[in-house]
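What follows is one structure encoded as structure tokens, with my remarks underneath.
Reminder, nothing fancy here: chain letters follow the sequence lines and each chain counts from 1.
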Protein chains: 2
Amino acid sequence: MARNEGSLYRRVADDLRRKIETGQLQPGNELPSERMLIGSYKASRNTVRKALDLLINEGLVSSHQGKGYFVRQDNTLPYYGRRLETKLMGSSEIYQVWEADLRELGREPRGDLNVSSTEPPADIARMLRLDEGQGVIARKRTRLVDDQPYAFDATYYPYALVENSRLLGAVDIPGDPDEVLAELGHKLKRYDDEVRARMPNPEEERALRVPPGTPVTELARIGYDQADTPVRVHLAVLPGDRLRLVYEHGRE
Amino acid sequence: MARNEGSLYRRVADDLRRKIETGQLQPGNELPSERMLIGSYKASRNTVRKALDLLINEGLVSSHQGKGYFVRQDNTLPYYGRRLETKLMGSSEIYQVWEADLRELGREPRGDLNVSSTEPPADIARMLRLDEGQGVIARKRTRLVDDQPYAFDATYYPYALVENSRLLGAVDIPGDPDEVLAELGHKLKRYDDEVRARMPNPEEERALRVPPGTPVTELARIGYDQADTPVRVHLAVLPGDRLRLVYEHGRE
DNA sequence: AAGTGGTCTAGACCACCTT
DNA sequence: AGGTGGTCTAGACCACTTA
């Protein structure tokens with residue numbers, strides 16, 4: 001109960017949010033049912049549902065049909081919050097570091113490879129400095145840990161650069177895939193990371209099994225060769241509620 | 001029109017989403033009005049509104065009362081997508097780099113300072129390795145460019161470390177605030193960045209004027225002294241639709 | 001004034017979970 | 001069977017924008 005500003009559904013949402021923020025409702029706790037809220041706020045069902053929707057889209061609450069609404073846990077699982085060794089040029093494929101970390105923890109990462117030759121998305125084309133019509137080879141994976149999806153990633157190579165290489169095959173490259181680029185005369189010299197937050201599309205929501213209201217971190221790692229030409233982009237889509245990117249600077 | 005899976009409102013949303021993704025509806029274009037959609041899908045108003053809500057929460061669409069629904073622009077404005085010179089230990093306060101960049105572009109960054117002594121949020125306490133009850137000095141700012149808010153940031157110092165220093169005053173520290181730490185015998189030696197995506201709370205939505213469905217990137221930069229003790233956390237909250245973090249690795 | 005979206009109600013039927 | 005959330009309808013009134 002409170003005399004807040006604005007519309008009824010906002011007042012309901014504000015009240016519930018405050019109860020969550022002050023700890024009156026703890027993570028995992030069940031919220032009052034729709035029926036209860038209808039009674040205590042003298043609101044219609046649609047109105048209390050709209051309030052609950054707001055909290056869901058803020059990432060504070062999740063709903064489960066037949067069970068109820070629950071306060072979401074802040075689950076930055078420790079074994080997902082890995083470190084990126086920014087000096088490691090040899091293993092600049094991010095997932096290699098993760099996989100090594102995961103194996104140390106006794107968990108088995110997996111992921112089926114999908115290789116295709118396509119037009120790149122606009123973002124990727126910009127990063128690889130490709131003109132309209134220039135294609136790419138895309139090597140995509142949904143990565144699973146203990147059969148649960150935890151990240152999606154893809155590596156894009158300009159088609160013209162790798163057209164006769166092993167990278168076209170739908171098989172794992174033993175060791176470092178960047179080695180293939182080196183064999184082709186494009187040894188990596190440096191890379192840039194571009195990090196942004198966005199909402200997942202429905203496909204990603206399904207593939208990563210993220211609840212509504214969960215943004216993803218999109219990390220694009222652009223690799224450049226000796227001539228400073230971008231030769232590949234490694235893209236990772238990471239659920240915001242499971243992952244925290246860590247960069248270490250200036251460590252000896 | 002299409003025979004998709006699932007509920008009616010999902011089919012409507014899927015259709016509209018496809019039109020956006022294929023470019024049939026371009027960024028900035030107006031979507032069909034609710035009335036039109038009711039007609040073409042033979043759905044009730046609540047149902048088409050639910051479909052439109054979905055697209056809004058995916059960050060694809062925005063609505064404007066009295067005007068209509070519009071396809072959102074992917075506005076990673078170039079002058080916000082700044083570079084982080086990761087080697088610059090002396091000006092590791094991120095905003096200093098940004099402000100210099102902005103001034104180069106002839107834009108005037110501003111931001112009112114707010115200094116307070118409080119209990120730190122759980123995240124900050126973890127990063128500063130503080131026990132229950134140990135306070136911090138928080139120096140917070142909402143940064144404006146040309147009177148438009150574009151980022152929120154705060155720096156947290158353990159109270160015990162800075163209790164008699166200039167950092168307690170609600171005035172700008174000329175030069176580098178980390179210099180004050182150095183004077184106190186805690187010269188910064190290295191720092192870690194922790195990056196995560198999350199949804200803004202209503203306060204941040206208001207302060208940063210982000211439309212619904214826009215996640216933020218939260219960047220925490222933890223500074224350590226010679227004894228490897230964390231001495232300050234600089235936290236930045238960056239609207240995901242305006243900013244792209246760039247890290248450069250291995251550049252000469 | 002007419003068109004657009006924003007809030008709210010009352011009621012119906014369905015799907016899922018627990019007992 | 002009874003409670004919970006999920007989808008959908010029909011209609012009302014309000015607020016904002018454009019002409």
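In this structure, Ser33(B) reaches the dT4(C) phosphate: one of its side-chain N or O atoms is under 4.0 Å from OP1 or OP2. In this structure, Arg49(B) reaches the dG6(C) phosphate: one of its side-chain N or O atoms is under 4.0 Å from OP1 or OP2. Between Tyr41(B) and dC8(D) there is no side-chain polar atom (N or O) within less than 4.0 angstrom of OP1 or OP2. The side chain of Tyr9(A) contributes no N or O atom lying less than 4.0 Å from OP1 or OP2 of dT9(C). Remark: Arg45(B) is not in phosphate contact with dA10(D), judged by side-chain N or O atoms under 4.0 Å from OP1 or OP2. Proximity of Ser63(B) to the phosphate of dG6(C): a side-chain N or O atom is located under 4.0 Å from OP1 or OP2. In this structure, Lys67(A) does not reach the dC16(C) phosphate: none of its side-chain N or O atoms is under 4.0 Å from OP1 or OP2. Within the 4.0 Å cut-off from OP1 or OP2 of dG6(C), not a single side-chain nitrogen or oxygen of Ser7(A) is found.
Using a 4.0 Å heavy-atom cutoff across all strands shown, Leu8(A) reaches sugar-phosphate atoms only and no base atom.
In the model, Arg11(B) has no side-chain atom that pairs as donor or acceptor with a side-chain atom of Thr47(B) under 3.5 Å. Of the N and O atoms on the side chains of Asp15(A) and Tyr41(A), at least one donor lies less than 3.5 Å from an acceptor on the other residue.
Note that the two end axes of the helix from dA1(C)-dT18(D) to dT18(C)-dA1(D) enclose an angle of 10°, each drawn from 5 base pairs, rounded to 10 degrees.
For Arg35(A), counting side-chain heavy atoms from C-beta on, the closest listed nucleotide (dT4(D), dG5(D), dT9(C)) is dT4(D).
For Tyr69(B) and dG3(C), the OH to P distance is 18 Å, given to the nearest whole Å. The CD1-P distance, from Ile38(A) to dC8(C), rounds to 14 Å in whole Å. If you take CD1 of Ile56(A) and C1' of dT4(D), they are 13 Å apart, rounded to a whole angstrom. To the nearest angstrom, P of dC16(C) lies 6 Å from CD of Gln65(A). Regarding Leu37(A), its CG atom lies at a distance of 17 Å from the P atom of dG3(D), rounded to whole Å. Between Phe70(A) atom CZ and dT4(D) atom P there is a gap of 11 Å when expressed in whole angstrom units. Following rounding to the nearest Å, Leu31(A) (CG) and dG5(D) (P) show an atom-to-atom distance of 9 Å. When rounded to the nearest whole Å, the span between CG of Leu52(A) and P of dG5(D) equals 8 Å.
Comparing Asn46(B) and Glu34(B) against DNA chain C, the residue whose closest nucleotide sits nearer the 5' end is Glu34(B).
Formation of a donor-acceptor pair under 3.5 Å by the Ser40(A) side chain with backbone atoms of Met36(A) is found in this model. The main-chain N or O of Leu25(A) is never found under 3.5 Å from a side-chain atom of Asn29(A) such that the two would form a donor-acceptor pair. Using a distance-only test at 3.5 Å, with no hydrogens or angles considered, a donor-acceptor pair links the side chain of Thr22(B) to the main chain of Arg18(B). Between the Arg232(A) side chain and the Arg221(A) main chain, a donor and an acceptor come within less than 3.5 Å of each other.
You won't find any donor-acceptor pair under 3.5 Å spanning the side chain of Arg10(B) and the base of dG6(D), going by distance alone.
Between Val71(A) and Gln26(A), the shortest heavy-atom distance links the atoms CB-O, 3.4 Å.
The shortest distance between side-chain heavy atoms of Val233(B) and Thr155(B) does not fall below 4.5 Å.
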